[in-house]
There are 2 protein chains.
Amino acid sequence: MKSHVTMRDIADRLGVSSVTISKALNDKEGVSSELKEKIKLVAAEMGYRFNTHAKSMKEGLSYNLGIVIPERFAGTVHSFYLQFYQLLSKVMDGYHYSGILHMLSEEDEERLVLPRIYTERKVDGFIILGQISKSYVEHLQTIDCPIVFLDFYTDQNEIDSVLTDNFFGVYEMTNYLIRNGHQKIAFVGNVHATSSIQDRFLGYYKSLLEHKIELNQDYVIKDRDEAGRYIDIVLPDEMPTAFVCNNDEIAYNLMTVLQNNGYKVPEDCSVAGFDNSIFATLTNPPLTTVEVDTEEMSRVAVKFILEKLNNPDKKYGRTFIKGDIIHRESVQPYKGHKKGS
Amino acid sequence: MKSHVTMRDIADRLGVSSVTISKALNDKEGVSSELKEKIKLVAAEMGYRFNTHAKSMKEGLSYNLGIVIPERFAGTVHSFYLQFYQLLSKVMDGYHYSGILHMLSEEDEERLVLPRIYTERKVDGFIILGQISKSYVEHLQTIDCPIVFLDFYTDQNEIDSVLTDNFFGVYEMTNYLIRNGHQKIAFVGNVHATSSIQDRFLGYYKSLLEHKIELNQDYVIKDRDEAGRYIDIVLPDEMPTAFVCNNDEIAYNLMTVLQNNGYKVPEDCSVAGFDNSIFATLTNPPLTTVEVDTEEMSRVAVKFILEKLNNPDKKYGRTFIKGDIIHRESVQPYKGHKKGS
DNA sequence: CTGAAAGCGCTTACAG
DNA sequence: CTGAAAGCGCTTACAG
């Protein structure tokens, strides 16, 4: 029965005006501290619940952010983004914001249909998770609502995105392998499938360049076709001593292939992953990998959106968040190195 | 620049009243169809966006539902619930509802702090995912807001919950094993850890009872302690010919143990899982398991909440949603059976 | 078929 | 320190 208690009800009970209640409950000036305390007490006692919608209407803010995930992503990627959503949700809570998930269907993406939460003003801004079509991105540019892309970028300018430092992560990982005596290092991934893989490959390549190790095309091993469908991994004729995989799942698959071919990890060759996803601990031995700092990425994305809300012209461009190498057992110093040196 | 277009703006442009705009845009009676069409056209042209908050204030409905996930659940379970959230989100969309995720922190659960989305009237009801403390459930009973529990129940009455049919699922699975000639069937799981495991165990037991197979306590194998922490699985002295695991992850772990002990699946013994989670396809061979019908569960949960919104006194009690057996390679007919009969 | 009036529950100036 | 007035953008009766 304590539903629909309004500020006016509290005001009537205490014989003051609803303005005073508003001020007291919002800790604003203009109410004696005694009255303030009393009002808060009575409000709690009456089971008062603040009506966000009234405030929203006044201010034109919903205190909600839309989290958009394109639906066409399959299982694994999905749960990665869902975990992001969870982190975002926690971060938003700290700002008194809530997150509304919108799964963008392939059809809506194709037809450039905007989320209902936009057309019904349910959110103040959007965080887009993952890759969406160029034309949809362009369409999003036209709406009057701040947007931050998370874990995705295109060559389109004027876009603010928060990204894993793919390049630097793999660069560091490759450096680490080289420091451990490895010279014959393969990269597993199709550089034409996604820009993430491309950047990871380039980080690998930079490390080779810096160490004057020539890039061997036989050591760039495809794991999927350009549409992203996984294909069987084929080992090169001359075996590398280490593999840098574009993600943990691929590392998992690679290790199965290696085992089937009689190679032992890490004795015969080392394997490094990326993401520190569930696959990193399902392999035997567990993977040395690069941990994506999803928490920091979430924090930054929410911060950007909220700042853009106050200052719509603010531009951030691409922000790269560095991940750390997680050391497990799938990487070992190259034996020849140990003995030889 | 097309922000803040209101119904009044459209009305002024067309020289009619905002009431007429409201009626036209909501497809209500009382506007000629020509005017209606024209209004819709002009609204689109002006970039009009409906303001949900105004409607919410009028009606006292937010058109949002809160999805609560207790934070203390670990990785796997988490992503299971996050997938649920995703499905719920899709279902809600069909009703013009949106979902707001609230991660319930351990601290808030302990101190009985209600989600901010409740105290700020941001949602019309709650769907609670997974297990929460008894006292929190009791606390939730006192609020004036419909609640449906998903994948959780207690002995507390007056609670509406939508559940996997754990009992029936494992019952059917065990029947299936028995039909395939297995007699020495073990159950893997600690019946004192969660009520789900308990129900799954009882389904197993019922099948044994029906087939006059005596329950062998050596064949009830612990996989975790009562607090839910996984422990090493110890095989019984006399090996069963089949194992019914309380979930796929445990089946995965069990298969590792079996392999380490030189047993081959399914040649030496069959293994059945539950959930059809990611683990079901990570095992080698892949798992025969029970698929939880998360889509149907989501559909039912949302339907219940929305009906309770119109009729707060409606009670549903426990609703069990049946899952199907997914046949893969980890289960094989018992050899002795084939030969012997 | 169309519209003037009132109200949903707050907050923001402004006046006292 | 306190409050009367106006307004946020809709919708709901009700009158014409």
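From a predicted model like this one, the values you see are computed outputs, not experimental measurements. Proteins come first, then strands; the chains are lettered A, B, ... in the order of their sequence lines, and each starts at number 1. What you see below is based on every heavy atom in this structure, not just the backbone, and it leaves out hydrogens, waters and symmetry mates.
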Give a yes-or-no answer on whether the side chains of B:Y136 and B:D108 include a donor-acceptor pair shorter than 3.5 Å.
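Short answer, no.
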Any side-chain donor-acceptor pair under 3.5 Å between A:Y63 and A:Y95?
no
Using salt bridge (charged side-chain N to carboxylate O under 4.0 Å, His left out), reason through B:D160 and B:K308 one step at a time and then give a plain yes or no.
CA-CA 10 Å; B:D160 298 314; B:K308 284 176 76 153; 2.3 Å; yes
Which helical stems does DNA chain C take part in, if a stem means at least 3 consecutive Watson-Crick or G-U pairs with both distances below 3.5 Å?
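Detected stem regions: C:1-3 with D:14-16, C:5-12 with D:5-12, C:14-16 with D:1-3.
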Side-chain N or O of B:N51 less than 4.0 angstrom from OP1 or OP2 on D:dC8?
no
Does a side-chain N or O from A:T20 land closer than 4.0 Å to OP1 or OP2 of D:dG3, or not?
yes
Any pair counted as ring-ring contact (aromatic ring centres under 6.0 Å, His included), so long as it reaches residues 303-323 of chain B, sequence neighbours left out
B:F304-B:Y316
Once salt bridge (Lys or Arg N to Asp or Glu O under 4.0 Å) is applied, do any residues pair with B:R13, and if so which ones, sequence neighbours excluded?
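Salt bridge (Lys or Arg N to Asp or Glu O under 4.0 Å) list for B:R13, sorted by chain: B:E45.
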Going by salt bridge (Lys or Arg N to Asp or Glu O under 4.0 Å), name the residues that satisfy it together with B:K23, two or more places apart in sequence or in a different chain.
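Testing B:K23 for salt bridge (Lys or Arg N to Asp or Glu O under 4.0 Å), a comparison that skips the adjacent residues, returns none.
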Could B:K38 and B:E34 be called an ion pair, given the rule that one side-chain N must be under 4.0 Å from one carboxylate O?
no
So that I can tick it off, tell me whether A:E120 and B:K55 are bridged by a salt bridge, with the cut-off set at under 4.0 angstrom between side-chain N and carboxylate O.
no
Taking atom CD of A:E110 as the centre, report whether more than 12 heavy atoms of other residues, nucleotides or ligands fall under 6.0 Å from it.
no
Hey, which of these two, B:M57 or B:V19, hits DNA chain C nearer its 5' end, going by closest nucleotide?
B:V19
Taking the six-membered ring of A:F50 as reference, does the cationic atom of B:R121 (NZ for Lys, CZ for Arg) lie under 6.0 Å from its centre and within 45° of its axis?
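Pair B:R121/A:F50 does not count as cation-pi.
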Grab the N/O contacts between the protein and nucleotides 14-16 of chain C below 3.5 Å, and write none if there aren't any.
none

When all nucleic acid strands are considered with a 4.0 Å heavy-atom cut-off, which category describes B:K28: base, sugar-phosphate, or nothing?
sugar-phosphate
Any residue in residues 11-18 of chain B with a heavy atom nearer than 4.0 angstrom to DNA chain D? Just list them by number, or reply none.
none
